[in-house]
Amino acid sequence: MRHVVAYGSDHLAEERADVEQIVVISTGGTIASRWQGSGFAAEARGGDVVATAVVPEGVSVRVVDLMSVNSARLTTAHQLTLLRTVREVLADPSVGGIVVTHGTDTLEESAFLLDLHHDDPRPVVLTGAQRPLEAPDGDGPRNLHDALLTAASVRDLGVLVVFDGQVHAARGTVKVQTLATDAFADPSGSRVGDVGADGVRIHRRPERPTPLPLPSAAPPLPRVDIVMHHCDADPLFLNAAVEAGAQGIVLVATGAGNATPEISTAIHEAVARGVLVAVTTRVPTGPVAEIYTHGGAVDLAASGAVLTGTLRAGQARIAVLAAALASTDPAERVDALRHVLGTPGAPAPGTRA
Ligand code: ASP
């Protein structure tokens, strides 16, 4: 088999095995959903999902039925099970790549968690659908075909999201449409490539920090909460998260990362208690930045919060979660968070004297 893979201006089509074995890990979502009498829910097994798609020439598929849930119901435990399953599948050298079928609601979170720990040149490609399994105009079959083709064709790109003919890096990609089929984009960046009848075209290589080691999945898993700022907001919910035992908190601030002096004080107190606090923004595009005081990002950073660049809330939370899973030491957690954010000069996790 020789699929056409174009990397930028270089055509680096790789010789791969005659038949590429791709493992599809099925987790549920709309791509596996059927009518339940009052609404749709994930139900179908992976084999039923794969049966809807044309498998690209030269690809053989093995299915792992991991779970069948709507992705809004996923927990950290589910996501760590997925991470471990990916590792186990890739331990078999005859596997050429992995496709994960996943609900679109939280696909960006699982994709990013996998990407932060992915240390293998073989691709992991997440896909799903906006329309249910048996919809006559369903987008699942095409997305699954494209994901299989991508998984059988590329190397060294980390974890990818393939949807509606587009190839996205896990990092930075978010769900941008509630219903339309072009559901994913990186609002602050550009996509990695395109996939269609003529093969996979790669425009850029995603920047990825050194992968984190596989974390322990032993309970208790760290609680990481998200709190959104808005007009009239006080520190009540941020403090409630601390009282609930949160080991990490993501503040979804306004603008370029701004809140109030009271929230800045609450962050200072949370950080003093060992809580890892990160700041992202409600704005869809662009980075958070230290510009404003009087409760702005200048003050939040001075209080010990870490600004998360262009990561939006769901992935900022995953970055905090990964840091919390990487160490129990608050200072090492900050290092780990800066590492996964790609902060220049950030020490590698676990390298503090
Ligand atoms: N509610 C679904 C889910 O995320 C939506 C989808 O898959 O598109 O599981």
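This one's a predicted model, so the numbers in the text were calculated from it and none came from an experiment. In listed order, ligands and their atoms are each counted from 1. In what follows, residues are counted from 1 in the order of the sequence shown.
- A salt bridge is absent between Arg171 and Asp115: the closest approach of a Lys/Arg side-chain nitrogen to an acidic carboxylate oxygen does not fall below 4.0 angstrom.
- Within ligand 1, the atoms closer than 4.0 Å to a non-hydrogen atom of Gln130 are 8 (O), numbered from 1 in the order shown.
- Counting only heavy atoms of the protein, atom 8 (O) of ligand 1 lies nearest to Thr104 OG1, 2.4 Å.
- Between the side chains of Asp329 and Ser327, no donor-acceptor pair is found at a separation under 3.5 Å.
- With respect to Arg34 and Glu134, a salt bridge is recorded, a charged nitrogen being found less than 4.0 Å from a carboxylate O.
- Here Arg317 does not pair with Asp225 in a salt bridge; the nearest charged N to carboxylate O distance is not below 4.0 Å.
- Taking a cutoff of 4.0 Å between a charged side-chain nitrogen and a carboxylate oxygen, Lys175 and Glu109 do not qualify as a salt bridge.
- With hydrogens left out, the protein atom closest to atom 4 (O) of ligand 1 is Ser71 OG, 2.5 Å, a heavy atom.
- Using modelled atom types, one finds a donor on one side chain and an acceptor on the other under 3.5 Å when comparing His78 with Thr75.
- Under 4.0 Å from ligand 1, not a single heavy atom of Ser33 appears.
- Proximity of Gly28 to ligand 1 is not established, as no heavy-atom distance is less than 4.0 Å.
- Short contacts between ligand 1 and Ala129, defined as distances under 4.0 Å to a heavy atom of the residue, involve ligand atoms 6 (C), 7 (O), 8 (O).
- Checking Thr173 against Glu108 by side-chain atom types alone, no donor-acceptor pair falls below 3.5 Å.
- Every atom of ligand 1 is numbered from 1 in the order shown, and the set under 4.0 Å from a heavy atom of Asn70 is 9 (O).
- The nearest non-hydrogen atom to atom 1 (N) of ligand 1, considering only Asp105, Ile31, Thr27, Val69, comes from Asp105.
- Looking at atom 6 (C) of ligand 1, its nearest protein heavy atom turns out to be Thr30 OG1, 2.8 Å.
- With ligand atoms numbered from 1 in the order given, ligand 1 contributes 7 (O), 9 (O) to contacts under 4.0 Å with heavy atoms of Gly29.
- Of the polar atoms of Ala72, none of the N or O atoms is found under 3.5 Å from an N or O of ligand 1, judged by distance alone.
- Salt-bridge formation is not detected for the pair Arg205/Asp156: no Lys NZ or Arg NE/NH1/NH2 atom is positioned less than 4.0 Å from an Asp or Glu carboxylate oxygen.
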